[in-house]
Protein chains: 2
Amino acid sequence: MRDSSQPTRERILQAAGKLFHRDGIRAISVDAIAEKAGITKRTLYYHFRSKDDLIAAHLQARGEPNLALFKRWFEETEGDVAEKAAGIFRQLAQSARSAKWKGCGFLRTSVELINLPGHPALVVARAHKKRVEDWLGSVFMEAGAGNDAQPLARQVMLLLDGSFAVVLLHRDPSYMETAADAVIRLIAERLSDARANASRIPGAA
Amino acid sequence: MRDSSQPTRERILQAAGKLFHRDGIRAISVDAIAEKAGITKRTLYYHFRSKDDLIAAHLQARGEPNLALFKRWFEETEGDVAEKAAGIFRQLAQSARSAKWKGCGFLRTSVELINLPGHPALVVARAHKKRVEDWLGSVFMEAGAGNDAQPLARQVMLLLDGSFAVVLLHRDPSYMETAADAVIRLIAERLSDARANASRIPGAA
DNA sequence: CAATGTATACCGGGTAGTGAATATACACAA
DNA sequence: TTGTGTATATTCACTACCCGGTATACATTG
């Protein structure tokens, strides 16, 4: 029974993903993951050296699809760069309305592993967040933000991760609309500075 | 030996505070707290009904001093409202340079207790964050932000909690300077809108 | 056979919480 | 003053369970 519809390793990652997302890393035991994956714990330990290893692999697997989703949300939004960036926040607000929404797994991991500074999962999490920030930076650069592109990308990241944190606490997705508004203001202001003569009224689209 | 220099309950809260802050709520056992406080675990359970109870009491005790610190940082910063609000972020960046800095205990708690939606500590955490937001709102209102006061307060909160999250992950306090810059831009823009016709007296209400 | 993958059964250690007894302090009666 | 009752405060020893990880053996397949 080596391969029932999916490679064992993938099944483990999928089970771990669901449970980690639902209850958190520390609250979920290896036994629970193995049971959810339909295997024994020993088999899990054949595919992953340790629980810590599994956590890191889990985040690694989530990184690319996560960034791809943000890119899709950005591209599918009509309007200028500011509106497109704000679109990410509006889509996020939509997601956050679901009761199953549990914030950002990368940020949550950095909290849960705060007493293990060298944990491999933290390296993965940092790399992912940097990748998102760099993508935003390149987007703003292409839009003509010049030297403002990088600080702008960081401010959007602050609002993004702030949204995750605040909405996770208050369970009120409207904060993400408020964040979208800030994003538009910050981008519009700098882009109009950069363009100097192109006429654009901040806040409208 | 009932009272050696401090009421037992306070000693427990202090010990719990240090350990929770350092390693997180789930990573610290009740035994560890009792040992740090110099008492038996059974004594701890005399003063607190459960670990969950202790967690809530811990956050409750931290709320007021935390808000007071923000207020002090705000008041001690020179300049207009925007500069004063940004001052909080600059002081925060200063704190975050310490290796002992571990982000915001209220946000961290909301992550660690994500699988226990009704946990009493979450109620305390939400109330605290709301109190900070309301204080910011009143400050902006006094500065003449009018209807913009509340959304502005929320955006500052998003940047504040975003700073906590991002800096905890990347361990780079310069993000807080970037957040301070965003705060100034967002406040300045709306305050100049509000003043449009009134004579420019920045701090009066 | 040899390599890969899976299962059963187990270990040592840690966890939140408790039962029962004890020590201290103070109020009040003899 | 001395004795006694009672509420507060504290200790030691313990339970019942959960957790990450492993020793060993068995199965499947090239």
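For the pair A/Asp52 and B/Arg42, nearest-nucleotide mapping onto DNA chain D gives the more 5' position to B/Arg42.
What separates CD1 of A/Ile25 from P of D/dG20 is a distance of 12 Å, to the nearest Å. One atom, CD of B/Glu35, and another, P of D/dT11, lie 13 Å apart when rounded to the nearest Å. For the pair B/Ile28 CD1 and C/dG14 C1', the interatomic distance rounds to 13 Å; values are reported in whole Å. Distance, A/Phe48 CZ to D/dT22 C1': 18 Å, rounded to whole Å. Computed from coordinates, the B/Ile39 CD1 to C/dG17 P distance equals 15 Å when rounded to whole Å. When rounded to the nearest whole Å, the span between OH of A/Tyr46 and P of D/dT22 equals 16 Å. Look at OH on A/Tyr45: it is 19 Å from P on C/dC10, rounded to the nearest Å. One can place CZ of B/Arg49 at 15 Å from C1' of C/dA16, the figure rounded to the nearest angstrom.
One N or O donor and one acceptor, one from the side chain of B/Lys41 and one from the base of C/dA16, sit under 3.5 Å apart.
Residues A/Asp23 and B/Ile114 have side chains not in contact (no heavy-atom distance under 4.5 Å, counting atoms from C-beta outward).
Regarding contacts with the backbone of C/dT6, a side-chain N or O of A/Thr8 is found under 4.0 angstrom from either OP1 or OP2. A close approach under 4.0 Å does occur between a side-chain nitrogen or oxygen of A/His47 and OP1 or OP2 of C/dT6. OP1 or OP2 of C/dG5 has not a single side-chain nitrogen or oxygen of A/Thr43 nearer than 4.0 Å. In this structure, A/Ser29 does not reach the D/dC18 phosphate: none of its side-chain N or O atoms is under 4.0 Å from OP1 or OP2. For C/dA7, the OP1/OP2 oxygens have a side-chain nitrogen or oxygen of A/Thr40 closer than 4.0 Å.
With salt bridges taken as basic N to acidic carboxylate O contacts below 4.0 Å, one links B/Glu177 and B/Arg90. Taking 4.0 Å as the cut-off between side-chain N and carboxylate O, B/Asp172 and A/Arg154 count as a salt-bridged pair. The pair B/Arg190-A/Asp181 meets the salt-bridge criterion, with a side-chain N (NZ, NE, NH1 or NH2) lying under 4.0 Å from an Asp/Glu carboxylate O.
Using bins of under 30°, 30° to 60° and over 60° for the plane-to-plane angle, the ring pair B/His170/B/Tyr175 lands in the parallel bin.
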